[in-house]
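Structure first, commentary second.
In this text, all values refer to a predicted model and were calculated from it rather than measured experimentally. Numbers here simply count residues along the sequence, with the first being 1. Side chains are part of it too, since the values below use all heavy atoms of this structure and drop only hydrogens, waters and symmetry mates.
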Amino acid sequence: QFQLVESGGGLVQPGGSLRLSCAPSEFTLNNYAIGWFRQAPGKEREGLLCITRTGLKTYYTDSVKGRFTVFRDTAKNTVNLQMNSLKPKTTGIYYCAAIITNSGYRCYEGATEYAYWGQGTQVTVSS
């Protein structure tokens, strides 16, 4: 069964950095567009950004532009979310999601468009 596993979350001070990783239980991620989502306490899940099969990035939340980036590590078969200059409002559960696609250039914003999800990893930004 195709599953995703996020890792790398934890407690970090404001201004710090974290790198989250999204890995499949099996299969290669090369045929999937990958999205990253965040669910802050008491709020709905929101889409942050997405990476296409060919490595193009689309940001869906202005607050993370310039601070977050996403990239593929083909050798490790992972998609990683690099988060810098973290702020307390960045706190939440972070999820990666995958959708198989024939397009090398398309990204997807809506959570309902993704077929596969990880269990989430907690990120807490606090001093």
Side-chain angles (χ1 to χ4, degrees):
Q1 184 177 359
F2 186 76
Q3 293 180 329
L4 297 171
V5 178
E6 301 97 338
S7 60
L11 174 64
V12 63
Q13 291 187 341
S17 298
L18 278 176
R19 179 177 294 181
L20 306 183
S21 182
C22 175
S25 56
E26 52 186 274
F27 303 114
T28 174
L29 289 180
N30 292 345
N31 298 324
Y32 296 82
I34 305 298
W36 281 94
F37 293 78
R38 176 178 66 208
Q39 187 160 19
K43 296 188 177 181
E44 294 186 354
R45 192 174 301 185
E46 66 172 333
L48 300 179
L49 70 173
C50 169
I51 187 167
T52 69
R53 288 180 53 188
T54 55
L56 300 176
K57 306 172 187 65
T58 301
Y59 290 84
Y60 298 121
T61 302
D62 288 342
S63 64
V64 303
K65 290 180 180 179
R67 299 189 299 118
F68 290 14
T69 190
V70 58
F71 61 95
R72 292 182 179 269
D73 187 331
T74 303
K76 295 182 178 179
N77 194 29
T78 61
V79 171
N80 303 299
L81 178 64
Q82 178 67 41
M83 306 187 295
N84 300 322
S85 303
L86 288 167
K87 304 176 181 180
K89 63 180 180 180
T90 312
T91 293
I93 301 173
Y94 284 71
Y95 300 88
C96 65
I99 177 172
I100 194 167
T101 175
N102 292 324
S103 171
Y105 304 98
R106 185 178 176 187
C107 252
Y108 304 82
E109 181 176 4
T112 57
E113 299 190 84
Y114 289 85
Y116 306 102
W117 289 82
Q119 81 290 348
T121 185
Q122 176 70 43
V123 172
T124 302
V125 183
S126 175
S127 56

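- Minimum interatomic distance between Pro14 and Ser127 (heavy atoms only, all atoms of both residues): CD-N, 3.7 Å.
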Derivation of the side-chain contact (heavy atoms from CB on, under 4.5 Å) call for Gln122 and Thr91
CA-CA 8 Å; Gln122 176 70 43; Thr91 293; 4.0 Å; yes

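- A perpendicular orientation is assigned to the rings of Tyr95 and Trp117, their planes being inclined by more than 60° (bins at 30° and 60°).
- Annotation for Lys57: atom NZ counts as buried by contact number, over 12 foreign heavy atoms lying within 6.0 Å.
- With hydrogens and angles ignored, the 3.5 Å screen pairs no side-chain donor or acceptor of Thr52 with any backbone N or O of Cys107.
- With hydrogens and angles disregarded, a donor-acceptor distance shorter than 3.5 Å links the side chain of Glu6 to the backbone of Gln119.
- Under the side-chain hydrogen bond (donor to acceptor under 3.5 Å, both in side chains) criterion, Glu109 pairs with no residue at all, not counting sequence neighbours.
- Between Leu18 and Val125, every side-chain heavy-atom pair lies at or beyond the 4.5 Å cut-off.
- Taking Arg72 as the reference, nothing meets the side-chain hydrogen bond (donor to acceptor under 3.5 Å, both in side chains) condition, with sequence neighbours excluded.
- Here the closest heavy-atom approach between residue Cys50 and residue Val70 is recorded as O-CG1, 4.2 Å.
- Arg45 places no side-chain N or O within 3.5 Å of a backbone atom of Phe37 that could act as its donor or acceptor partner.
- In summary, of the residues considered (Val79, Thr121, Thr78), a side-chain contact (heavy atoms from CB on, under 4.5 Å) with Leu20 occurs for Thr121 alone.
- In the displayed structure, Phe71 atom CZ is contacted under 6.0 Å by more than 12 heavy atoms of other residues, nucleotides or ligands.
- Side-chain atoms of Ser85 do not come within 3.5 Å of backbone N or O of Arg67 as any donor-acceptor pair.
- Remark: the Asn80 side chain and the Gln82 side chain contain no N/O donor-acceptor pair separated by less than 3.5 Å.
- Met83 and Ile93 fall into different hydrophobic clusters, where Ile, Leu, Val, Met, Phe, Trp and Tyr are joined by side-chain heavy atoms under 4.5 Å apart, directly or via other members.
- Judged by distance alone, the side chain of Asn77 and the main-chain N or O of Phe27 form a donor-acceptor pair under 3.5 Å.
- Under a 3.5 Å cut-off, the side chain of Thr61 and the backbone N or O of Gly47 do form a donor-acceptor pair.
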